[in-house]
Amino acid sequence: MTTGEPLLLSSSGSVDSPSKKQAPARPSVGSLGCLCTTDSFSSSLYEDCETASVNLVDERETEPALFHESDVSRVAERFQSADSQFFHRLSVECSQKERQRRVSWGGGMEMQHSPSSREIGMVSSSHEMPNRSQRVRNKSSQFEDPFSSEHEPRLIYINDPNRTNDRYEFTGNEIRTSKYTLITFLPKNLFIQFHRLAYVYFLVIAALNQLPPLAVFGRTASLFPLLFVLFVTAIKDGYEDWRRHRSDRNENNREALVLQHGDFRSKKWKNICAGEIVKIHANETMPCDMVLLGTSDPNGIAYIQTMNLDGESNLKTRYARQETTSMICDGSDSGLIKCEQPNRNIYEFTATMELNSQRVPLGQSNIVLRGCQLKNTEWIIGVVVYAGQETKAMLNSTISPSKSSNLESYMNRETLWLSAFLLITCSVVAAGMGVWLFKNSKNLDALPYYRRKYFTFGRENRKDFKFYGIALETFFSFLSSVIIFQIMIPISLYITMELVRVGQSYFMIGDTQMYDSSSGSRFQCRSLNINEDLGQIRYIFSDKTGTLTQNKMEFQQASIYGKNYGSSLQVTKLLKQSGRKPKINVDSALMVLLNQPLIGEERLAAHDFFLTLAACNTVIPVSTESSHDLTNEVDEIGAIDYQGESPDEQALVTAAAAYGYTLVERTTGHIVINVLGERLRLDVLGLHEFDSVRKRMSVVVRFPDNNVKVLVKGADTSMLTILKVDVGDDLYDLLHAKIREATENHLSGYSSEGLRTLVIGSKNLTDAEFSEWQERYEEASTSMHERSAKLRQAAGLVECNLTLLGATGIEDKLQDGVPEAIESLRQAGIKVWVLTGDKQETAISIGLSCRLLTQSMHKIIINGSSEDECKCLLAEAKAKFGIKSAEFGRHSQGTEDLYNGDVSNLRSSNGHSAIQNFELTGVVAGDMSEYGEKVTNFDGTELALIIDGSSLVYILEKDLESELFDLATSCKVVICCRVAPLQKAGIVDLIKSRTSDMTLAIGDGANDVSMIQMADVGVGICGQEGRQAVMASDFAMGQFRFLKRLLLVHGHWNYQRIAYMILYNFYRNAVFVLMLFWYILHTAYSATLALTDWSSVFYSLIYTSVPTVVVGILDKDLSHNTLLYYPRLYEAGLRNEGYNLTLFWITMLDTLWQSLVLFYVPFFTYSISTMDIWSMGSLWTIAVVIIVNIHLAMDIRRWVLITHLAVWGSIAATFLCMVLIDSIPIFPNYGTIYNMAASRTYWLSVCLIIVLGLLPRFLCKVIYQTFWPSDIQIAREAELLKKLPRQLGPRPASDIS
């Protein structure tokens, strides 16, 4: 039989007996998985194996009658009768909405639930049990895919682009990622910028100032701040878009070989059309999405790297169908492809190809996507199916949803207060103006600007003056006041915050202590809007595999025929793999068994066990030497490198090789395994890849003796229910019952040790069973609709009545520093929840090893199989531990006692008491969390909640969510096991929607994306499962342990800096406005100014802005050593100590006092002098700039050279600008500064203003820090006095900022 010769003929072809059949091309090998609701999506087999599925039927009520191999007709009848129920029950998951997935680029992948194939036929009526999958509420509607497959299939005529494109008008291959053109730049950019309401506000102010009655400032001066901001932003946006244009131009002008007039000729990418045949050589990039027609490999295999698409660096395998390979060899290049409409799902492709009256199925393994690179393959030939903007890469080129910080929402609240205050002050001025005009209505002709006629000797003599009447003059006075007091709403604050966040991100990225040398990954700031939120995180939701663990699997133990192997391990040589140890531990007793002749059930079970490990996977052996003929190099095992899309599969194939079952070749139609030195060729008749519904994987193979067997591996919950129970032989049944019991005990033991488990089984297929399966499999493989559901149904025909071979236990070790990081985070008042797809026992074991759980904790386990049972379990737990509802606790529950003056509570991160050389006796505010951790005194035992995904299906409803919330927030630890991606997002939303606490989600895989995007802060781990999580995250790092430094150090600093900066900006602008307000009250409410127009404009932009930015980037209250040593100092952010409404009003009171001093000290000093208003304005300008800068200097905790230059340089720059402005003859204040600077009274007035203005603030700070110091203040004093414990070590020479 020729390699890879097709088994699947046309639908009308005859079906021979199994012995005469030929092996089909494997429909899907090397799949990454699938984002859809019905196929696999995860790159980790085990992670998906342990993802919860929703069993719509109670297993105890629907335990199927296991059937014998001879009962084929009964099996077929069962599935035939279940067809209507199958599609009815999958209507939510798999029917018309299958393509309307909740998918975005790296987007949330919702894993819907449906019964396994085995369960489908067990439901007697669809009315017996409601469809509970409908009860899973959509928490992530933003992830929906707008591209639906309900349209007619796309028709691609191979090598006939004219016919293809003329009829359907497909897009060309030219791409465009830029936002603007020369024509649209100005209007579009302005439209985008004015989405900020603050810009609209200042535009209205500038427009009002252009009206003659309201021209308070010069018309140019009033436009300057807004124009400056718009101009700078436009320059930045224009530069970024110019770079996009340049990148697009370079991309579109690249060339590829396209079949033209019978020969391959170069053609620019932008001119390639759908239907054309393209040839790609090694290391070249795919210009569009193409279906493979042929490769340089005789078996049609091609290796591609998808790093540009999904970030994964390991090679993927793609296949050309043997039918198309022969077509290329024959020179024939005609055919028709019917494929789905363009969509974002990069992990699935559904199509069929019609060649010579044959209907050939095409899947995800037959398409290469734009952006992928060809590796280890000389050339490939493919036909374009999607081009340009319709390629999957371009459809996925969307950004993650933007997030706004918590402090920014508070800032908006205070902005509303300031807006109200602005309206009040303007109303006071307008009312005063109206009253004054009314009282002086009889004398208006004697007053300037109110005379009805001009009295002058010029041309204006006797002309009417523009007096609009008392009502309009009052209204104009109100608008003029709005213009004067406009900086009460600080436009400069928005610019300052952006600059400060950029500076903070620069130092976070440059922190060498968050650099992962093992992966070469640096810390990444992918979002600049939420730096300060890192200092207020209350809940952390963490994935387990690849986040807490390394996701580098090592085969540790195996259970074969009821016996456990792995206790007596020795080291043996193993194939060399990149990034892995060239050694593996093997069990000597198992090696002895495998070296025995193939006689006896135990030996045969061990043989089939390792054959399944080597064959049932998508791993490809690749030669690492110059020769590519692996079948001749089996003695040189070091020459093989296994390329797998999952570390789990690589570990299993590696273990099989270590025990003598080496996979040396895989093609579309066969695999070759070196079994203890002898080659064994297995013809692959079909492969059912893993999906989240079945939670198992199977391959149907034919042995050289024409025996057909199905080899299956999967999760224990999925596999143990489809094993053969009895065959009528009591002795046989008793033996296998004991084997099953022993295997289950071994599985429990593996899980308790934290190992990841799989169950292995097999089954010999009869001719009738094989014929039934083949017919159903061929029909499903070529179906354009419901292909996934039909393939699952076909798999159910052979994945039943299996013989149990054994189980595997694979270790996924914890990452370095995880226990210490979790301990520090918990001491910091942060709750760490683990959301994983692993088994409950495995999750608990990992929880203990990483110090999340302790032996003293009382574990509350919720494993309900129905809504009523879950409700009872929740109610019993709440009643047992006296947990009150959230509504009751909000009014009567006291907050958690964080410090209460008890110094011993503040402990260092190493577990020792922090009180060694000094005492922490500070009194701090109460817990500001709306839902502080409830006191759970059950004999003084802390609580830990463990809940599974099946229970969450019933609990995540309106009537049970509150019960879960009350129970979960009362526990120190929550572990959710066997949860689906959407359930992860649902748990995050449970906390996010019911509390004001900040949430952080951290994960490394595609199944964590929905959780990452749902949380307030998303952190991606650059792990083994690609970069989907990284691309959807706000921050990215290489190891979980860096989260400790990110939050406790950078999060604390960023929060303290931004919080102070916001308060300072409010103060800085308010003191200036109030000073002008007092002046207007003494000038008959006339809205006149003593300050020049440019002084008012420069106040926020030049005079006081630079120190704010510098302090916001560089200031530090404590060193990083102190913050890491005392994690509980982080709780200052949790209690909103840096920024809250109380601090805001205290700041406003201080502002009120300083503004009174600023105005009235010069007012009374020069009350009997002849000083003009410009001289008085000069004094006020200098005084207000000096006082606000010294106010800032009083609060700076870290003085460096650039800080000194910023603060004192701003004062010097103010003097310089005033000298320049007063030196311009056309200005009314010409020469003012020269006269004032020569007066001693001028300088004494400035000094008196500074002393009187800042004295109350200084006294309050001294008294408060002396008698009621905060813990931050105490720790800071200890730093300055060098009384920190010696464990902290010396101060580093260069402390990262």
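Start at 1 with the first residue, then count along the sequence.
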Do Glu649 and Met697 come within less than 4.5 Å of each other through their side chains, counting heavy atoms only?
yes

Can a donor-acceptor pair be found, under 3.5 Å and without considering hydrogens, that links the side chain of Gln650 to the backbone of Tyr642?
yes

Spacing of Arg249 atom CZ and Arg254 atom CZ [to the nearest 0.5 Å]:
15.0 Å

Tell me, with the steps shown, if Asn173 and Arg370 meet side-chain hydrogen bond (donor to acceptor under 3.5 Å, both in side chains).
CA-CA 10 Å; Asn173 198 41; Arg370 181 188 180 112; 3.2 Å; yes

Can you tell me how far apart CG (Asp1008) and CD (Gln1013) are? Round to the nearest 0.5 Å.
11.5 Å

For a quick test of reading the model, state the closest non-hydrogen atom pair linking Gly275 to Ile156 and the distance between them.
CA-CG2, 3.8 Å

Thr184 (side chain) donor-acceptor with Thr181 (main chain) under 3.5 angstrom
yes

Taking the side chain from Arg694 and the backbone from Glu689, do they hold a donor-acceptor pair closer than 3.5 Å?
yes

Would you please name every residue forming a ring pair (Phe, Tyr, Trp, His ring centres under 6.0 Å) with Tyr303, sequence neighbours left out?
none

Shortest non-hydrogen contact from Ser698 toward Val712:
CB-CG2, 3.7 Å

Given Glu348 and Lys392, is the salt bridge (charged side-chain N to carboxylate O under 4.0 Å, His left out) satisfied, shown in steps?
CA-CA 10 Å; Glu348 188 184 64; Lys392 293 180 181 289; over 6 Å; no

When rounded to the nearest 0.5 angstrom, what is the spacing between NZ in Lys316 and CG in Leu369?
11.0 Å

Smallest heavy-atom separation, Asp248 atom then Ser178 atom, equals OD2-N, 3.3 Å

So which of Val278, Ile304, Val384 actually passes side-chain contact (heavy atoms from CB on, under 4.5 Å) with Met286?
Ile304

Side chain Thr295, main chain Ile301, donor-acceptor under 3.5 Å:
yes

Do you know which two heavy atoms are closest between Cys288 and Ala387, and how far apart they sit?
CB-CA, 4.2 Å

Contacts satisfying salt bridge (charged side-chain N to carboxylate O under 4.0 Å, His left out) that involve residues 263-275 (not counting sequence neighbours) are Lys267-Glu276

For Asn343, does its backbone N or O pair with a side-chain atom of Tyr386 as donor and acceptor, under 3.5 Å?
no

Mind listing the closest non-hydrogen atom pair of Ala256 and Trp269 along with its distance?
CB-NE1, 3.6 Å

Residues at least two apart in sequence or cross-chain that pass side chain to side chain contact (heavy atoms under 4.5 Å, CB included) with Arg243, listed by chain then number, are Tyr239, Arg246

Please, which pairs that meet salt bridge (charged side-chain N to carboxylate O under 4.0 Å, His left out) have at least one residue in residues 277-304, sequence neighbours excluded?
none

When you measure from the side chain of Thr324 to the backbone N and O of Leu293, does any donor-acceptor pair fall under 3.5 Å?
yes

Counting distance only, does the side-chain N/O of Thr377 pair as donor-acceptor with the main-chain N or O of Ala302 below 3.5 Å?
no

When rounded to the nearest 0.5 angstrom, what distance separates CH2 in Trp379 from NE2 in His281?
8.5 Å

Please assess Leu682 against Val699 for the test side chain to side chain contact (heavy atoms under 4.5 Å, CB included), listing each intermediate value before the final yes or no.
CA-CA 11 Å; Leu682 303 176; Val699 58; over 6 Å; no

Partners meeting side chain to side chain contact (heavy atoms under 4.5 Å, CB included) with Lys188 (sequence neighbours left out):
Tyr180, Ile192

Going from CG on Leu687 to OG on Ser365, what distance comes out if it is rounded to the nearest 0.5 angstrom?
9.5 Å

Taking atom CD as the centre, does Gln260 end up with more than 12 heavy-atom neighbours from other residues, nucleotides or ligands that are less than 6.0 angstrom away?
yes

Test: salt bridge (charged side-chain N to carboxylate O under 4.0 Å, His left out). Region: residues 349-358. Which pairs qualify, not counting sequence neighbours?
Lys338-Glu354

Closest non-hydrogen contact found for Ser781 with Pro361 is O-CB, 2.7 Å

Would you check if the side chain of Asn366 reaches a backbone N or O of Tyr319 as a donor-acceptor pair within less than 3.5 Å?
yes

Is there side-chain contact between Leu362 and Val291, with heavy atoms separated by less than 4.5 Å?
yes

Point-to-point distance, once rounded to the nearest 0.5 Å, from OH of Tyr157 to CG of Leu336:
5.5 Å

Arg666 and Pro621, any side-chain heavy atoms less than 4.5 Å apart:
yes

Name the orientation class of the two ring planes belonging to Trp773 and Phe770 (parallel below 30°, tilted from 30 to 60°, perpendicular beyond 60°).
tilted

Any side-chain heavy atom of Thr352 within less than 4.5 Å of one from Val360?
no

